[in-house]
Amino acid sequence: MSLDSETREMILDTLRRYAEDRLTNEYLLELDHKDEFPREVLNELYDPMQLGLHLLFIPEQYDGLGGGAYDIYRVSELMAAIDLGIATGVLATFLGSDPIRVGATEEQKARWFNRLAQESLLMAYGATEPQAGSDLAAMTTRAVPVEENGAVTGYRISGRKQWISNGGVADLYTILALTDAGPTWFVVERGADGFAAGKAEDKHGIRASNTAALFLEEVYVPAEQMVGDAEGQGLQQAQAVFGYTRLMVGTFGLGAGWDALKKAIRYSHERVQAGDTLDNKQGYTHKLIVPNAARLEAARAYIEWVAERLDSGENGLQTEGAVAKYMGTEAGNKAAEDAIQALGGYGYTREYMVEKIKRDVRITTIYEGTSEIMEWTIARDRWGEHLRSRGGYYFDWAERLEAKHQVEPQNGAGVAALALRALAVILERCRLDRLTRNQHILFRLGELIACAETAALFAERVLSHPTEAIALDQATRQALARIYAREAALKVATDGLRWTIGAGQSDPELANKLNLSAIYASQAGLIEDMNYARDRLNEAFR
Ligand SMILES: Cc1cc2nc3c(=O)[nH]c(=O)nc-3n(C[C@H](O)[C@H](O)[C@H](O)COP(=O)(O)OP(=O)(O)OC[C@H]3O[C@@H](n4cnc5c(N)ncnc54)[C@H](O)[C@@H]3O)c2cc1C
């Protein structure tokens, strides 16, 4: 399921041109400064005569375009590079319609998707509550059945939702509320009696997005607006789309991070210090530019892999979605932070945009599941794989990579295999010494797993799956894959050693088993690869 490449390119081009004309830096800075939600921009983006962006999320049989995960990735990356606040307004409609996509009856899908497509409605997704964020099970919003002659004809919903994107501006809301059978989604229309939104939150970033609390006081919702035909399916329905939604937010990190990095690269061509431009100074490029490009492209390789799998019909992929989100958003956040440093004093002022991008991208490590919740999700799942495979999960993957390295020696596959082997050793040591009883160890494993898997995927795919999404040639991306594989192998081994020793591991030979000497030896050629990547990045983003 995805668009043909011509249609996708047409959408991307139209969006690019729209942004060039309409969403100038001056305008975006003004929205940010005034903390203003640009309703008319969202209307234009959703207008089928202009862009009809929301149609991408709507299946074809309901008058949508039926875009797939790959299309959503490409459009989301571009939107995030334009403005993450506006992108969040679009994301909220996508999120809001998700419970319908996965849980609604055919009749309900026809009703709501047709309206969404034809009326270009803005949606909001109401799950979080003041005391129930990462732990949605703590929610208290209730839906009490209303009965007539022994049959349930509707529900009265009471409670409060917190931090809802589009909360104050949406036309239609999906609201998660507790029934006797458990959390259940309901479609609530703007203006329903007893339903009100709070004032727009005054936020650190994405100030062009509207975020508001929702108040529900005995809001009556007809029974046919309960999503699906049974109560209590809400959390499973929310889970079912995490593969998609987390991929989308991971892509936001990628788009915003690259936008900041490109600004830093361009700035470094002009800025002269100590007799030369900054783009010629290793202390600058090899710290602030090249490692960020490597991390962002590693995240892209993983994102593209997940998108292809989703589009080929695989279900779930919640763990892979979590890795994509975690790596894309952390890489984006770090790239934007370093871009401020790269512009020095100018970076710290508003005019150069990187300061705004940094504030904007910060949200991506929080919403749609925080980075810590991603670490936990990844660790929990892969820990299970490690146990089920009796330690073979990552050893087998390492073997496949080593075979790949024999035929494609330029992609860092041999070094990524060292990362996977070290990871397998660390996991096994954690099992034998029961170290995951420390929550911190489990979460750190989540980080190391994400890091090693991303290096492995980047090395595996860099040659066989060239990307259309960025103007970097194969040789440059191969150099970035080698740089990233070295970083990942060193991190897995040294952080893994640190935390297992810190938690009281019992094997005096552990350092040797991690093959630290080979991992250090694999750093040979690093500076040369960084020089090469710097030169190509300087050429690509003039
Ligand atoms: C701008 C914005 C827009 C948003 N849009 C929406 C929206 O449209 N719809 C919606 O439903 N929600 C939305 N959210 C809510 C968002 O998804 C939550 O803020 C997020 O899930 C975190 O929940 P919380 O804020 O309650 O933080 P908490 O869950 O209280 O977390 C606080 C900190 O504790 C950590 N933590 C939490 N649990 C654990 C644990 N078990 N172990 C270790 N550490 C833990 C977290 O990682 C975090 O660092 C939005 C939030 C913001 C700020």
Side-chain angles (χ1 to χ4, degrees), residues 32 35 37 42 80 83-99 122-141 159-170 172-177 183 185-186 188 197-216 234-235 237-239 241-242 245-246 248-250 252-253 256 321-322 325-326 329-330 333 359-380 436-447:
D32 176 64
D35 200 13
F37 171 75
L42 270 288
D83 186 275
L84 206 41
I86 294 171
T88 296
V90 178
L91 166 77
T93 296
F94 177 51
L95 279 180
S97 66
D98 271 340
L122 280 191
M123 285 198 79
Y125 174 89
T128 306
E129 300 187 3
Q131 77 298 342
S134 301
D135 179 18
L136 268 185
M139 60 181 282
T140 57
T141 297
R160 175 178 171 171
K161 296 288 169 184
Q162 187 73 13
W163 316 120
I164 306 304
S165 301
N166 285 353
V169 296
L172 214 55
Y173 299 75
T174 37
I175 299 287
L176 192 63
W185 288 101
F186 294 88
V188 180
K199 68 175 178 49
E201 300 288 352
D202 183 3
K203 302 190 296 291
H204 175 62
I206 56 166
R207 290 164 68 83
S209 76
N210 171 278
T211 315
L214 302 175
F215 304 94
L216 298 102
L235 289 187
Q237 289 161 354
Q239 283 276 345
V241 290
F242 274 158
T245 56
R246 290 184 169 163
M248 188 167 173
V249 179
F252 279 4
K325 178 184 191 282
Y326 181 57
T329 61
E330 290 289 338
N333 192 42
R359 281 186 289 109
D360 288 351
V361 75
R362 190 68 188 80
I363 189 59
T364 62
T365 67
I366 298 174
Y367 67 14
E368 250 329 79
T370 64
S371 282
E372 293 70 35
I373 297 303
M374 296 305 101
E375 289 167 353
W376 180 55
T377 305
I378 297 161
R380 205 183 36 182
T436 54
R437 62 179 189 274
N438 299 288
Q439 193 202 36
H440 186 55
I441 297 298
L442 189 67
F443 280 42
R444 297 288 44 83
L445 288 178
E447 181 188 12

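Reckoned from all heavy atoms, side chains included, excluding hydrogens, waters and symmetry mates. Whatever order the structure lists them in is the order used to number ligands and atoms, beginning at 1.
For residues 366-375, every residue pair satisfying the salt bridge (Lys or Arg N to Asp or Glu O under 4.0 Å) rule, not counting sequence neighbours, is listed here: E375-R444.
Each of Y125, A127, T128, G133, S134, W163, I164, S165, K203, I206, T211, I363, I366, Y367, E368, T370, E372, I373, Q439, F443 has a non-hydrogen atom positioned under 4.0 Å from some atom of ligand 1.
There is a side-chain donor-acceptor pair under 3.5 Å between Y367 and T88.
V169 pairs by the side-chain contact (heavy atoms from CB on, under 4.5 Å) definition with F37, R39, L122, N166, N210, not counting sequence neighbours. For D135, there are no salt bridge (Lys or Arg N to Asp or Glu O under 4.0 Å) partners two or more places apart in sequence or in a different chain.
A salt bridge links R207 to D202: at least one charged side-chain nitrogen sits closer than 4.0 Å to a carboxylate oxygen.
Here the side chains of H204 and I363 are not in contact, with every heavy-atom distance at 4.5 Å or above.
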